[in-house]
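A quick note: this is a predicted structure, and the numbers were derived from the prediction, not measured. Here is the naming used below: chain letters follow the sequence lines, and residue numbers restart at 1 for every chain.
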There are 2 protein chains.
Amino acid sequence: MTGSRSTSADVARRAGVSRATVSYVLNGRTDQSIPLSTRNRVLAAARDLDYVPHAASRALRRGTSNLVLLINAGVPWSTNVTDVEDELTALVAASGRSLVVWRRPGAAALQGMLADLEPCVAISMDTLTSEENNLLGRLSVPLVAADLAAPGTGLPTELQIDRLAGQGHHRIAYLTTSDRALQRFAAPRTDAIVAACVRRGLPEPLIAGVPGGLTVDVAAVARQLVGWLDGRDPVTAVSCFNDLHAAACLAAASDLRIEVPTELSVIGLDDDIFAPLTRPALTTVRLGPQHFARHLWSLARHQLGETPAPAAFTPTAHIVERASVTAPPPSPFPKR
Amino acid sequence: MTGSRSTSADVARRAGVSRATVSYVLNGRTDQSIPLSTRNRVLAAARDLDYVPHAASRALRRGTSNLVLLINAGVPWSTNVTDVEDELTALVAASGRSLVVWRRPGAAALQGMLADLEPCVAISMDTLTSEENNLLGRLSVPLVAADLAAPGTGLPTELQIDRLAGQGHHRIAYLTTSDRALQRFAAPRTDAIVAACVRRGLPEPLIAGVPGGLTVDVAAVARQLVGWLDGRDPVTAVSCFNDLHAAACLAAASDLRIEVPTELSVIGLDDDIFAPLTRPALTTVRLGPQHFARHLWSLARHQLGETPAPAAFTPTAHIVERASVTAPPPSPFPKR
DNA sequence: TCCACATGCTGACACGTGTCAGTGAATCTC
DNA sequence: GAGATTCACTGACACGTGTCAGCATGTGGA
C-alpha cells in the first residue's frame with residue numbers, strides 16, 4: 001500500500017466522496033456546485049495523501065499535455081539564450097504549464113522525442129527544417145518560431161552603426177562569422193549593417209567573415225585587421241557580429257599593438273557575460289531577452305487559442321557604453 | 001478524418017490485423033512469433049499513416065515514461081554546462097529515451113512540473129532541497145545528483161596549484177566568490193586549494209571572496225589585488241574560482257598597471273569560451289564535461305536497473321597552457 | 001487415430017484521469 | 001400540493017496503449 005503513489009480514487013475514499021467530486025474540486029470547476037465543507041474535506045484528503053495527479057493519464061484524457069517544448073537548435077551561445085529560457089520558464093509556469101528545453105541533437109531526432117513527449121505547443125528559437133514542420137503539423141502540435149528575417153531584426157546592428165557614426169566614424173568594418181551553420185543568424189545582420197551605413201550616407205562597410213562559431217580564430221581576425229588598417233583610407237571602427245567576435249577583435253588588436261579605442265573603436269553585440277571584463281571594457285548592444293521571451297510566449301498563447309494575435313515584434317535594444325568606442329583619430333588624409 | 005492523428009487502431013485496420021499484433025510488431029517483441037509477411041505489412045501501414053505512438057497513453061500503460069529530466073538549478077554558467085547537456089542528450093537518445101532540461105525557477109516549482117511530466121529518472125547537477133528529494137521519492141522517481149563533495153572533486157583546483165607550484169610560485173592567493181548561492185560549489189574548491197598548498201609545503205593561501213555570481217565586481221577584485229601585492233611577502237600568483245573570476249582578475253591587474261604574467265600569474269578554471277580571447281590569454285584548467293555526463297548517465301542507468309552500480313567518479317581535468325602563468329619575478333626578499 | 005505442441009493471431013482488460021448524463025432530495029413557484 | 005427548479009453528488013464511459021490468456025489451425029510423434 002505505502003510506497004505506491006496515491007491516486008484520485010484514494011483521495012475520494014479518504015474524503016468519503018466519489019472520484020468525480022474529487023476531480024471537480026481539484027480542478028476548481030465553477031459550473032458544479034460544491035459546498036465549502038466537502039470542498040475542504042477533499043482538499044484536506046489530497047494534502048494528507050500528498051496527491052499529485054498522474055501526468056500521463058491527465059494528458060491522455062485531455063488529449064493534450066501541459067508541457068511547452070522549447071526547441072534549442074544550434075543557436076550561437078550567449079547568456080541571452082539562458083535569459084530567454086529563464087523568462088519563458090517563468091511565464092509558462094505562471095500559466096499553469098511547464099516549460100522544458102530540448103537541445104536538439106540533430107534534425108532527425110524530433111520524431112523520437114515526440115514519441116516520448118507530446119507538448120501542447122512548441123517554441124523554436126530557430127527555423128526548423130520542413131520535415132520537422134510537417135511532423136509537428138501531422139501531430140497537430142502548434143509551432144512558434146522566431147522569424148529571423150522579420151522587420152525590426154536589424155535594430156541591434158543599426159544601433160551599432162548609430163553609435164559609431166555618432167562618434168564621427170566614417171570608414172567602418174564589419175567582422176562576422178563565416179560558419180555556415182550560423183549564416184541564418186549572420187546574414188540578416190550583415191544586410192542590416194550595409195543598409196544602416198547606406199542610410200547614413202556612409203561608405204559601404206568592409207565586411208569579412210572569420211571561421212569558427214564558438215571559438216573565434218584570433219590570428220584570422222588579426223590578418224583582417226592588418227588589411228583593414230592598411231592603405232590610405234584605413235578603417236577606424238569595427239562592428240562585430242557578437243561579443244565573442246568583438247573580444248577576438250580586441251585580442252587581435254592587442255597582439256598587433258593597436259590601441260583600442262584611441263586608434264580603433266570596437267563595438268560588440270549581446271552584452272555577454274564577459275563584456276565588462278575585457279580591457280578596454282567592451283562597448284556593446286544589449287538586447288532585451290525578456291522582451292523577446294514575452295513575445296514568443298504571446299505568440300504561443302495565441303496558438304493555444306487563449307489570446308488574439310499579438311502585434312508584430314519590435315525588438316528592444318540599447319547601447320551599453322563602456323570603453324572600446326571613442327571618436328576616431330584625426331585622419332592624416334582629411335576628407336575631400 | 002484527416003487532420004486527426006492516426007492511432008494504432010488505424011494501422012491495424014490498414015494492415016488487416018488486430019491492434020495487439022501491431023503493438024507486437026512495433027515494439028519488436030521476440031516472444032511472439034510473427035511471420036515476416038505480416039510484419040512487413042504492419043510496418044508499411046505504420047509508415048504510410050505516419051504513425052507516431054501517443055506518448056501519454058504509452059506512459060500511462062507502462063506506468064513510466066521514456067523521459068529523463070535534467071534539473072538545472074542555479075549552476076554557475078559556463079560552456080561546460082551546455083557541454084554536459086549535449087552529451088547527456090546524445091547518451092539518453094541512444095538508449096531510446098529523450099532528455100529534457102528543466103531550468104528550475106525555484107525550489108517550490110518542482111511539484112507543479114511533476115504534475116505535467118513524469119520522468120523515469122531525474123538527474124540534477126546540483127543537490128536538491130530535502131523537500132524536493134521527498135517529493136521525488138513519494139512519486140518514486142529515482143534521482144541522480146552530482147555529489148559536490150565527493151573525493152576527487154578537488155582535482156581541478158589541485159591542478160591549478162600544481163601548475164603554479166611547478167613554476168616556482170610560493171605565495172599564492174585564491175580568488176573566489178562570496179555569493180551565498182554559489183557556496184555549495186565554491187566551498188569544496190576552497191578547501192581543496194588549502195589542502196593542496198599544505199600538501200606541497202606551501203604557506204596557506206590567502207583567500208578572498210568577491211561578491212557577484214555572474215557579474216564579478218572588478219573594483220572589488222582590484223582592492224584585493226592591492227592588498228595581496230602589498231607588504232614584504234607579496235603574492236605572485238592568483239588561482240581563481242572560475243574563468244570569469246580570472247578574467248576579472250586580469251582586468252583588475254590591467255587597471256592597476258600590473259603586468260600579467262611577468263609581475264603576477266593568473267590561472268582560471270573551466271576553459272570557458274572567452275578564455276583564449278583575454279590578453280594575456282588565460283591559462284586555465286579544462287574539465288571533462290563529456291566524461292562527467294557519461295558518469296551521470298551510468299548512475300542513472302543503474303537507478304533504472306539496467307546496469308550494475310558504476311565505480312566512483314574520477315574526474316578528468318588537464319591544464320590548458322596559454323599565457324597568463326609564468327615563473328614568479330625574483331623576490332626582493334630572498335627566502336631564508 | 002489421438003494427443004502434444006508450435007504457430008499466428010485476437011478479444012478483452014487495465015492504467016488514472018476528466019466529463020457528462022442522471023439521480024434522489026430539498027427548495028421554490030403558483 | 002403538484003410541478004418545476006436547484007443542489008450535491010455519483011456511475012459509467014472514453015482517451016490510446018501494452019499485455020495476457022486463449023483460440024483456431026497446422027504439424028509432428030507414438
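Below the 3.5 angstrom threshold, one finds a donor paired with an acceptor across the side chain of A:R19 and the base of C:dG18.
Salt bridge absent: B:D116 and A:R97 never bring a charged side-chain N and a carboxylate O closer than 4.0 Å.
The separation between B:N27 atom CG and D:dT19 atom P is 7 Å, rounded to whole Å. Atom CZ of B:R29 is separated from atom C1' of C:dT7 by 16 Å (rounded to the nearest Å). The separation between B:D10 atom CG and D:dT17 atom P is 9 Å, rounded to whole Å. B:I34 places its CD1 atom 13 Å from the P atom of D:dG18, with the value rounded to the nearest Å. Counting to the nearest Å, the P atom of D:dC9 and the CD atom of A:Q32 are 11 Å from each other. Taking atom CG of A:D116 as the reference point, atom P of D:dT17 lies 14 Å away to the nearest angstrom. Following rounding to the nearest Å, B:R13 (CZ) and D:dT17 (C1') show an atom-to-atom distance of 15 Å.
Side-chain atoms of A:R301 never come within 3.5 Å of backbone atoms of A:T307 as a donor-acceptor pair (strictly under, hydrogens ignored). Within the 3.5 Å criterion, the main-chain N or O of A:G137 finds no donor-acceptor partner in the side chain of A:S140. Between the side chain of B:N80 and the backbone N or O of B:D270 there is at least one donor-acceptor pair closer than 3.5 Å. At least one donor-acceptor pair under 3.5 Å links the side chain of B:E132 to the backbone N or O of B:T129.
Considering B:L99, B:V101, B:D83 as possible partners of B:L88, the one that fulfils the side chain to side chain contact (heavy atoms under 4.5 Å, CB included) test is B:L99. Paired with A:C120 under the rule side chain to side chain contact (heavy atoms under 4.5 Å, CB included), one option of A:N66, A:L69, A:V68 passes, and it is A:V68.
An OP1 or OP2 oxygen of D:dC9 is reached within less than 4.0 angstrom by no side-chain nitrogen or oxygen of A:S18.
You'll find that the side chain of A:Y24 is closest to D:dT10, out of D:dT10, C:dC9, C:dT10. When the nucleotides C:dT19, D:dT19, C:dT17 are ranked by their closest atom to the side chain of B:A20, D:dT19 comes out on top. Listed nucleotides D:dT17, C:dG18, D:dC9 differ in distance to A:S23; the shortest reach to its side chain belongs to C:dG18.
Across all strands shown, A:S8 has heavy atoms under 4.0 Å from sugar-phosphate atoms exclusively, and none from any base. Among the atoms of the strands shown, base atoms are found under 4.0 Å from some heavy atom of B:S33.
Taking every heavy atom of residues 38-62 of chain B and every atom of DNA chain C, pairs under 4.0 Å involve B:T38, B:L60, B:R61, by number.
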